[in-house]
> 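Dropping the structure in here first, questions after.
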Amino acid sequence: MDQYKLFIDGEFVDAADGKTFETIDPGTGLPIATVAKAGKADAEAAIAAARRAFDSGVWSGLDISARIAILQDFADQISQQGVRMVVTECMDAGQIIGYAKMIVMWASLLLRNLSTYAATKFPFEEEILASGNAFAPGREFVRREPVGVCVGIVPWNFPTALAMWKIAPALIMGNTIVVKPASNTPLTALILAEAAKAAGIPKGVLNVLPGPGGELGKTLCTHPDVDKVAFTGSTEVGREIMRMASDTVKKVTLELGGKSANIILDDADMDLAVDGACVGTFLHQGQICESGTRVLVPSKIYDEFVDRMKKRAEALRIGYQLDPTSHMGPVVSKEQLATIEHYVKLGQEEGAELITGGKRVEVKGMEGGYYYAPTIFANVDNKMRIAQEEIFGPVVCVIKYDGDEEAVAIANDSIYGLAGGVFSNNIARAERVARGVRTGTMWINNFHVFAEYCPFGGYKQSGVGRELGKWGLEEYTQVKRIHVPYYSDRNTNFSFTLMSDNKKIDGFNYNCPTNVIAGHGCLSSIYKVIVDLGCRRALIVTDPGVRKAGLADLVKSALVDFCVGIYDNIPPDPDLESVDGATAMARELKADCIVSVGGGSVIDAAKTVCVALKNGGKANDYVNRWFALSEPQTPHIVVPTTAGTGSEVTNIAVITSKTAGRKLFIADPRIMPNAAILDPRFTMTLPKDMTVGSAMDAMTHAVEASVSIMANPICDGLALHAIRLISENLPLVVADGKNEKARLNMQIAATTAGWSFTIAQVGLAHAMAHTVGTLHHVPHGAACGIVLPKVMRFNVDHAAGKLALVAQALGVDTKGMAERDAALAAADAVEALMQKVGHPMRLRDVGVPEEGLPLCAFHALADSSILFNPRPTGDPGEVLELYKQAY
Ligand SMILES: NC(=O)c1ccc[n+]([C@@H]2O[C@H](COP(=O)([O-])OP(=O)(O)OC[C@H]3O[C@@H](n4cnc5c(N)ncnc54)[C@H](O)[C@@H]3O)[C@@H](O)[C@H]2O)c1
């Protein structure tokens, strides 16, 4: 009789205590080999060898192509052992020879193909192009690194293939592994070890320990040097393994039991479906975890189907597994035979109707073998134990149902969720049913089909994790994120400022991709701009007021024949629905770019349309996402018709959610428009209150950007220039709305203010204005203007130098003034300007109720703008005081 030893640290050795056991051929009941029986000491030796090999880097440290070359050699060595392995697999596990050939061949193919896939396609390192964290810009990438020492516990039904399901991904990804084959079927895993040794896999990388679970299994699953346990077997043992692995918090993948439903629809090809039901259950004597042991058949074809299944089952030839004419061989052991007999008896007691089988079979000349007839139970209720518990033998329950929904409900009424099948001539219908079943695999018009690139694993109590494909490889890796900031400077580290008194951020990123074209008549440039962007089909997005003023049609004629339509239904403070409306029109007209004509409302809506057009879906899919876009969006050209928000150059879009009752944001450099065309003719029609209100929006952007903790020299230049332009030109446009030069200067001011706050952010005045805007519908510009001077005074001791410069930009003669006085004079100058141009001065004038102020103070503190205010505040009392001053 052949003798097999343990494989530890590259050598075949006896068990430390010298124990051995015999392995049996289930087709004859006779022993075929003596095998060394591993115990605790052997497990410890194998784990130590695997740990040493892993920690030395002899395997994990290899370049992937070097590792893969060795593994390809391993695959070739397995192929060379082909005939021996097939015969051994048959004799040890009872697989019929035709099936064993496929399975053994697959083991080497699997190793070869997954290795090649990993070497050429697996993302060992991935860049994260959009990190989602605006406060910590830099490079972000993810590495997939090996887990370490793995344990693979393999069941007896497919000893070669399931050992390879563990060995291949573990070794490909750079881990080391200790494999424990089932004690019933230990032989082929040891032949795999011979092949590994012949291929030159370094010692300790693969270790094989035959033996029963018990002490050996416990040592493997609890040892602190083991990082991961991968197990295939029963749910009961899987639970125990998870418990054992939990003490040292090991990673686990579990491939557990199943009670898969094979759903026959009433339009199925009957011959194919009967075959599917029988092969799905009786292949390998039903000892396959994903077997379709619950066949669900509609009542109108039930009797005929059961009858045909019975005939098909009774025609199956049961014989010795090495006899090539056998359809079915023996079950794996005496114990398994007893379990099957127990369940068949139970089924009869539960009232199920035994249609065929239900007995042992004697094979001539092989009287000691464990053969059992294919067994069909009809009229089974899904609640019966034979329909709920895994039998792991050639026993099928045929269950009646009415309607696809009931079939799905019965399929899902199980603690398991491993696999399932649907047979139908209508693939769309079969797919709908397949989607409804909560399992890890669904086969349509097929069963028991595996592929190395497709995942396998279970829902519910059928398992944890997946094997095969990239999903299986991922299970043998740890994910490591590496962050490298743009700045290695404590004064530019936003998070570090949380624990520092110096909140000022020194570093900055000046990113202004918008092509700005300004001047009288520059609208005509749009014709070239659109060609430069490679676009031909522009959708104009605008609002009813702007359309009525004739501005959208002016743009349409400038676009000549590059305009495919006008969407003019954007309301002030645009909502998600209006964005979706514009997006739908753009899709219908196959627009390749958006031209927005309007104020901040239209521009922000259009920015969001561009994102939805590029990425699919609806506006709601993209709001409240920061720095999440990794590619250029649909091209966007802006023709602003107000001079305030600066949205034509900013990286923000503000959209209102009616259901949430609040404004939501997209903040991302990828939404900055491609071009802005500042033609003063477009703001000439702006009514006086809008002219004034939007100007104060721009003023607030500029003042707050210049004092922000993120302020920087570029932003200072832009902000101070914007303030200067507004203070000089706003009175002029209020006096004469047709003053074209002043109108253009106001547009330039709004744009430069937009740039300044995009790179430096805003502060407490915006937080307060957003809040009264949301809670009391005060127009944004008006709210900004009213609170701005109060906030400037509040900030005076934290930004005196900057505010003194603001005072100068506002035309205050600060010569001879102390810095603090100059700063206070800046606030006075803002109020004087507002008075001069007829801006509302108090919150009570714009409809805010006094009793609403405390709630506003509370909400303002939650607005993110507050983070950048030079004077830190977290006290609602302080903010309420400012609101009261503004009231
Ligand atoms: N994305 C950003 O960077 C940013 C910055 C600040 C504010 N915003 C947002 O911008 C919006 C406010 O934008 P806005 O102040 O430009 O106003 P708006 O776009 O809401 O327009 C207000 C009204 O003015 C009318 N109008 C605009 N231009 C006109 C013209 N030339 N002639 C006649 N009527 C005209 C419009 O029809 C509309 O009814 C708010 O939703 C705010 O949240 C965005």
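We count ligands from 1, going down the list as the structure has it; atoms in each ligand are counted the same way.
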> For Asp543, counting its heavy atoms only, list the atoms of ligand 1 lying under 4.0 Å from any of them.
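Going through ligand 1 atom by atom, the ones under 4.0 Å from Asp543 are 36 (C), 37 (O), 38 (C).
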> With a 4.5 Å heavy-atom cut-off, do Met768 and Val879 have their side chains touching?
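SC-SC contact between Met768 and Val879 confirmed.
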> For His766 together with His780, are the ring centres under 6.0 Å from each other?
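Between His780 and His766, the centre distance is under 6.0 Å.
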> With side chains defined as the heavy atoms from C-beta onward, is the minimum distance between Glu831 and Lys790 less than 4.5 Å?
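Sidechains of Lys790 and Glu831: in contact.
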> Quick one, Asn712 and Tyr510 - any side-chain contact, counting heavy atoms below 4.5 Å?
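Side-chain contact under 4.5 Å: no.
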> Between Arg625 and Asp668 (salt bridge meaning N to carboxylate O under 4.0 Å), is one present in this structure?
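Not counted as a salt bridge, because no side-chain N and carboxylate O are separated by less than 4.0 Å.
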> Treating Ser524 as the side-chain partner and Gly521 as the backbone partner, does any N or O pair qualify as donor plus acceptor under 3.5 Å?
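Yes, because the side chain of Ser524 sits within donor-acceptor range (under 3.5 Å) of the backbone of Gly521.
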> So is Ser601 polar-close to ligand 1, meaning N/O to N/O under 3.5 Å?
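Yes, at least one N or O pair falls under 3.5 Å.
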> If we only count heavy atoms from C-beta on, is the Thr751 to Glu648 side-chain gap below 4.5 Å?
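Yes, their side chains come closer than 4.5 Å.
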> Thr685 to ligand 1: N or O pair under 3.5 Å?
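N/O-N/O distance below 3.5 Å exists for this pair.
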> Taking 4.0 angstrom as the limit and counting only heavy atoms of Gly545, give me the atoms of ligand 1 inside it, by number and element.
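Result: 37 (O).
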> Assess whether a salt bridge exists between Arg547 and Asp553, defined as any Lys/Arg side-chain N lying under 4.0 Å from an Asp/Glu carboxylate O.
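Salt bridge flag = yes for Asp553 with Arg547.
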> Should Gly600 be counted as touching ligand 1, given the test is an N or O pair under 3.5 Å?
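Min N/O separation from ligand 1 is below 3.5 Å for Gly600.
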> For Asp697, is at least one N or O under 3.5 Å away from an N or O on ligand 1?
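It does not: no N or O of Asp697 is found under 3.5 Å from an N or O of ligand 1.
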> What atoms of ligand 1 come closer than 4.0 angstrom to any heavy atom of Gly599?
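Atoms satisfying the 4.0 Å criterion: 16 (O), 19 (O).
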> Minimum distance, heavy atoms only, to atom 24 (O) of ligand 1: which one of His766, Arg743, Met690 is it?
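Selected option, by shortest heavy-atom distance: Met690.
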> Please check if the side chain of Asp621 supplies one atom and the backbone of Gly617 the other of a donor-acceptor pair under 3.5 Å.
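Side chain of Asp621 to backbone of Gly617: no pair is present.
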> Judging by distance only, is a nitrogen or oxygen of Ile652 under 3.5 angstrom from one on ligand 1?
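By distance alone, the answer is yes.
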> Compare every heavy atom of Leu718 with every heavy atom of Ser756, then report the nearest pair and how far apart it is.
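That would be CB-CB, 4.0 Å.
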> Below 4.0 angstrom from a heavy atom of Thr642, which ligand 1 atoms are there? Numbered from 1 as shown, please.
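Listed by number with element, the hits are 16 (O), 27 (C), 28 (N).
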> Among all the protein's non-hydrogen atoms, which is closest to atom 35 (C) of ligand 1, and how far away is it?
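I find the closest protein heavy atom is Leu686 CD1, 3.8 Å.
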> So is Phe682 polar-close to ligand 1, meaning N/O to N/O under 3.5 Å?
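N/O-N/O distance under 3.5 Å: yes.
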> Please determine if His701 has a nitrogen or oxygen closer than 3.5 Å to a nitrogen or oxygen of ligand 1.
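His701 vs ligand 1: no N/O contact under 3.5 Å.
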> Just need the protein heavy atom nearest to atom 3 (O) of ligand 1, so name the residue and atom and give the distance.
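Result: Thr650 OG1, 2.7 Å.
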> Less than 4.5 Å apart, side chain to side chain, heavy atoms only: is that true for Ile723 and Val703?
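SC-SC contact between Ile723 and Val703 confirmed.
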> Please compare Lys663, Lys607, Met672 and report which has the shortest non-hydrogen distance to atom 42 (C) of ligand 1.
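Result: the heavy atom closest to atom 42 (C) of ligand 1 is in Lys663.
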> How does Leu551 reach ligand 1, by side chain, by backbone, by both or by neither, if only non-hydrogen atoms under 4.0 Å count?
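The part of Leu551 near ligand 1 is the side chain, not the backbone.
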> For ligand 1, which atoms sit closer than 4.0 Å to a heavy atom of Asp573?
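Ligand 1 atoms under the 4.0 Å threshold to Asp573: 40 (C), 41 (O).
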> Between Met684, His520, Arg681, Lys738, which is the residue that forms a side-chain contact (heavy atoms from CB on, under 4.5 Å) with Arg743?
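Exactly one candidate clears the test, Met684.
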> Does an N or O anywhere in Asp604 fall below 3.5 Å from an N or O of ligand 1?
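Looking only at distances, the answer is yes, because the N/O contact criterion of under 3.5 Å is met.
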> Any idea which atoms of ligand 1 are less than 4.0 Å away from a heavy-atom of Phe757?
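Near Phe757, the atoms of ligand 1 are 3 (O).
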> Would you call Lys548 a ligand 1 contact, heavy-atom distance under 4.0 Å?
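No, Lys548 has no heavy atoms under 4.0 Å from ligand 1.
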> Are the side chain of Thr514 and the backbone of Val516 linked by a donor-acceptor contact shorter than 3.5 Å?
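Checked: no pair found.
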> Determine the minimum heavy-atom distance between Pro640 and Gln747, stating which atoms define it.
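Looking at all heavy atoms of both residues, the shortest contact is O-NE2, 3.7 Å.
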> Among protein heavy atoms, which lies nearest atom 28 (N) of ligand 1, and at what distance?
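Answer for atom 28 (N) of ligand 1: Thr641 OG1, 2.7 Å.
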> Would you say atom 6 (C) of ligand 1 has a protein heavy atom nearer than 4.0 Å?
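Within 4.0 Å of atom 6 (C) of ligand 1, protein heavy atoms are found.
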> What's the shortest distance from atom 34 (N) of ligand 1 to any protein heavy atom, and which residue and atom give it?
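Sorting protein heavy atoms by distance from atom 34 (N) of ligand 1 puts Pro687 CD, 4.1 Å first.
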